[in-house]
Amino acid sequence: MYTALLILSVTCVGWLAAENCSVPFLTGLVYQKIDSEPQNLTIEHSIQLTEDSFHLLIVNETLPELCRNSVNIQYELYVLQIRNVGLAHIKPGAFNITPTLGLLKISYNPLTALKKGVFQGLRVKEIDCSNNYISSIDEEAFDGIPMLEVLRLSYNAIKQVSPEWFKNSPNVYKLSIIFNELTSLPARAFQNMAKDRAVKLRLSANRIQDIDEEAFYSVGNIEILRLNGNKLESLPENLFVNRTIRRLEINTNKLLCFPDKLFQSGVGSLAFLDNPTFKCPCLEKVRHFVETGNINIWYPAIICEDRAREVNIVFNYNKTYELPLILRPTEATL
Ligand SMILES: *[C@@H]1O[C@H](CO)[C@@H](O)[C@H](O)[C@H]1NC(C)=O
Ligand SMILES: *[C@@H]1O[C@H](CO)[C@@H](O)[C@H](O)[C@H]1NC(C)=O
Ligand SMILES: *[C@@H]1O[C@H](CO)[C@@H](O)[C@H](O)[C@H]1NC(C)=O
Ligand SMILES: *[C@@H]1O[C@H](CO)[C@@H](O)[C@H](O)[C@H]1NC(C)=O
Ligand SMILES: *[C@@H]1O[C@H](CO)[C@@H](O)[C@H](O)[C@H]1NC(C)=O
């Protein structure tokens, strides 16, 4: 009798002291198939399924933290989504999920940090932690996720991309970090991304001013690089050496010119609308490049005077026009 009580209390203390925490009583929505109506799932202590399902959505409930084994899923599941539940802390080992997940999405939560060990070992193809308040990411946060292909971190407060990300996660080819607070891209920033396919980088709407010339070290093939809405005045020449960048979007920046090497980088699509500072001689180089290749182009709206040929060259959207130069009357002719 006494022994039993003692064991019970020790277990209890151990349970409190360990990283395990209890998931409060809440209701999840289960979509059994892709087109099923949702069914209520009562959740208590830990998040578990009772049968194979397509999508488990926990939305508009209260779930302030996830601790070790809070999510314990052994049935087949394709999408796990935790949205607007006040989730502020996720401890390592929170996701004990056996099957292969297509998507793990955690959004509209007051989550500020992604810790080492939270996603490690998960068999998941896409992680989407967009629309939170993430400002701190452990260097190891995305390590050891061998099936991971797509990582979305948009609409957060991320200040840095680390070259250490994605150790032992060799299949990440798509990274979206739009609407964050990046100010620079360091050397080797993407070095651990996929080597056997073209990468896609979405880095628009940050405050990027500076890109290290080795930022794309060991990334040979870039399908799309979006840098719209940043504060770039120039791009380093070496960015374009020994690699292909198929689509480059760099609208709404403060570019003055492109490095000449850009024109040898296999770029097939180049958008740089709304760069009012762009220099005329450079713009003419771009025009020459466009005329000699098969390139989709979007120019900033700028008028350049070509005095020698007595024309104004109007660059606008995807076209250029030439208009006769109306020479301003000089004092002598008045
Ligand atoms: C934590 O939870 C898991 C799964 O529910 C359980 O197997 C383990 O014993 C728990 N750990 C402690 C210290 O209570
Ligand atoms: C599911 O739960 C919601 C509240 O969480 C309730 O309004 C609704 O009636 C429940 N639906 C079913 C089918 O039980
Ligand atoms: C969750 O809350 C949002 C915003 O209040 C609402 O638009 C949405 O319909 C809610 N979803 C569910 C399943 O209750
Ligand atoms: C480009 O590749 C050549 C040949 O492999 C090498 O010599 C050169 O250093 C490389 N340049 C850069 C900037 O990586
Ligand atoms: C310019 O853009 C318009 C509309 O998007 C398109 O119809 C047209 O073919 C483009 N012209 C060139 C020269 O690319």
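As the structure lists them, so they are numbered: ligands from 1, and atoms in each ligand from 1.
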Answer yes or no: is there an ion pair linking Lys254 with Glu233, defined by an N-O contact shorter than 4.0 Å?
no
Specify whether the nearest protein heavy atom to atom 4 (C) of ligand 2 is under 4.0 angstrom away.
no
Atoms of ligand 5, numbered as shown, that sit under 4.0 Å from any heavy atom of Tyr317:
2 (O)
Shortest protein heavy-atom distance from atom 14 (O) of ligand 2, along with the residue and atom involved:
Asn40 ND2, 3.2 Å
Give a yes or no on whether atom 9 (O) of ligand 2 lies under 4.0 Å from any heavy atom of the protein.
no
Relative to each other, are the rings of Phe272 and Phe258 parallel, tilted or perpendicular (30° and 60° limits)?
perpendicular
Picking from Phe278, Phe315, Phe289, what satisfies ring-ring contact (aromatic ring centres under 6.0 Å, His included) with Tyr299?
Phe315
Indicate the atoms forming the closest heavy-atom contact of Asn230 with Asn253, along with that distance.
C-OD1, 2.8 Å
Which residue and atom name correspond to the protein heavy atom nearest atom 13 (C) of ligand 3, and how close is it?
Val59 CG1, 3.6 Å
N or O pair under 3.5 Å between Asn318 and ligand 5
yes
Arg287 and Glu322 ion-paired at < 4.0 Å
yes
Considering Asn60, Leu57, Val85 one by one, which has a heavy atom nearer to atom 12 (C) of ligand 3 than any of the others?
Asn60
N-O pairing of Lys125 and Glu149 below 4.0 Å
no
